[in-house]
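Written out below as C-alpha cells is the structure these notes cover.
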Amino acid sequence: MINFPQNLVKILVLLWLPVVTTAQVQDRVKEHTTYLASDELEGRGTGSKGIQKAAAYISQQFGQIGLQAPYEGRYLQKFPFPGLEEKESNVVGYIQAAKPSTKSIVFMAHYDALGIQKKEGQLDSICNGALDNAVGVAALIELANSFKKADPPTYNLVFVATAGEELGMHGSKYYVENPLFSKEDTIICLNIDGFNVSGPREDYYIFPRQGVNFVNQIETVLKHHGWYYNSPDWVDGMNTRFDTVSFLREGIPALTLWIGNQLKGGGQAKPIQFGGIHTPQDEITDQWNWDGVEDHLELYKILATYFLENLEGINVTDESLFQQ
C-alpha cells in the first residue's frame, strides 16, 4: 500500500472533483434527453399518451430535485387546447425566494414535438424531437437541479416545461395569462429551445436582438466570462418563432440563447449534420458531442444571476415586432 502525503491527496481530490461534476452533469442531461426522445414517447405529440408520459417524467424529476409544486401539490398546469377533449399540461415548479416576493425569473423549455407523422414509403414515422426540444427540457431540469443546490435566490425562480409550442405556443401563452407570480413582476424569461450538442464553443447569439434593450448588457456580462456575441443577421426573422413571443408581446423581457460555431481559442468548427427538426431524423446520433453542455448551462446561470441583481431598466422597447 502506498501512503501519499495528506496534502497531495487533498490537491488530487480538488483537481478531480470538477471533472467528475462535469461528467455527472453531461450524463444527467444525456439520460433525460435519451428518454424524452425515445420511441416509447412516440414523438410527444399534442394530445398523445407519449406527451403524458413526458409530463409525468418531468414532474418526477422536479419532485426529486425538490422544487415546490404549485397546483395543490402537483406540477401540472392544465389548460384547454383547441380540438381536444382532454386538457394539455405545462409542467411548472419553482424555488421560493429567500424572502417573500412576487418577483420571478422564468426558465422555460417546450417539451412537445410533432408525434407520429406517417408518410407513404417512409419506414420511420416518429418525429422524436431530440434537438427540438428534448435536449432543451433536459437542460431545464439540470438548471433547476443546480439552482436548488445553491443558496435560496433573491427572487423566485420558476421552471416551466410548456406544451403546445409546436402548434401555436399555447402553453406559454396560457402561463403568461396565468402566471405563478405577478406578470408585471416577471424580471425576464430565459427560454431554452435547442441546446449545444456540437462540442465546446466560445460564441453565442440570442433571439431577439431587436425590440429589446438588454442585448448590450448581455454582451458585456458574458464577455467577462470569455464568451463572444456573434449574431447572424437571419435571427431577425425569428422574432415570433419561439415561446418567448408570448412574453415579449406582453412587454415582458425574454430571450433564447444559442451557441455558435467558433471553437475555443479561435477557428471555425466544421458543420455537424444533425437530422432536420420536425422530421423523424431529429434523433440522437453519434454526431452529438455533449462536451459543451455544461458551458451552455453556465451561460443561463450567469445571466440569471446577473438579472437577479440587476433587474431594473430591462425592457421590451417595440412590442409590435412580436405580434403574430
Passing candidate, side chain to side chain donor-acceptor pair (under 3.5 Å) with S146, options E298, K301, E294: K301
Before giving the answer on side chain to side chain donor-acceptor pair (under 3.5 Å), spell out for H278 and E166 the whole-Å C-alpha distance, their side-chain angles and the decisive distance to 0.1 Å. CA-CA 9 Å; H278 302 162; E166 296 288 8; 3.0 Å; yes
Within the structure provided, determine whether S246 and Y175 are in side-chain contact (heavy-atom separation under 4.5 Å). no
In terms of heavy-atom contacts, I302 and V221 come closest through CG2-CG1, 3.8 Å
Could you check whether Y306 and Q217, counting side-chain N and O atoms only, form a donor-acceptor pair closer than 3.5 Å? yes
For ring pair (Phe, Tyr, Trp, His ring centres under 6.0 Å), just list the numbers for Y204 and Y229, CA-CA rounded to whole Å, side-chain angles, deciding distance to a tenth of an Å, and then say yes or no. CA-CA 5 Å; Y204 70 94; Y229 178 67; 5.6 Å; yes
Determine whether Q287 and T285 satisfy the following criterion, side chain to side chain donor-acceptor pair (under 3.5 Å), listing intermediate values before the conclusion. CA-CA 5 Å; Q287 295 282 311; T285 71; 5.8 Å; no
Could you walk me through whether T102 and S182 satisfy the side chain to side chain donor-acceptor pair (under 3.5 Å) test, starting with their C-alpha distance in whole Å, then the side-chain angles of each, then the deciding distance to 0.1 Å, before giving a yes or no? CA-CA 6 Å; T102 60; S182 167; 5.2 Å; no
So if I apply the side chain to side chain donor-acceptor pair (under 3.5 Å) rule between T162 and each of N133, D243, D112, which one comes out positive? D243
Hey, what's the ring geometry for W234 with F207, parallel, tilted or perpendicular (30° and 60° as the breaks)? tilted
Would you call the rings of H296 and F195 parallel, tilted or perpendicular if under 30° counts as parallel and over 60° as perpendicular? parallel
The test is ring pair (Phe, Tyr, Trp, His ring centres under 6.0 Å); show your working for Y300 and F107 and say whether it passes. CA-CA 9 Å; Y300 277 92; F107 295 90; 7.2 Å; no
If we only count heavy atoms from C-beta on, is the S231 to I206 side-chain gap below 4.5 Å? no
Between K264 and D295, does any side-chain N to carboxylate O distance fall below 4.0 Å? yes
Side-chain H-bond candidate by donor/acceptor type, D203 with N261, under 3.5 Å: no
Salt bridge check, R28 against E31: does any charged N sit closer than 4.0 Å to a carboxylate O? no
Can you find a pair of side-chain heavy atoms, one from F159 and one from V91, that are under 4.5 Å apart? no
Hey, does S104 have a side-chain heavy atom less than 4.5 Å from the side chain of T186? yes
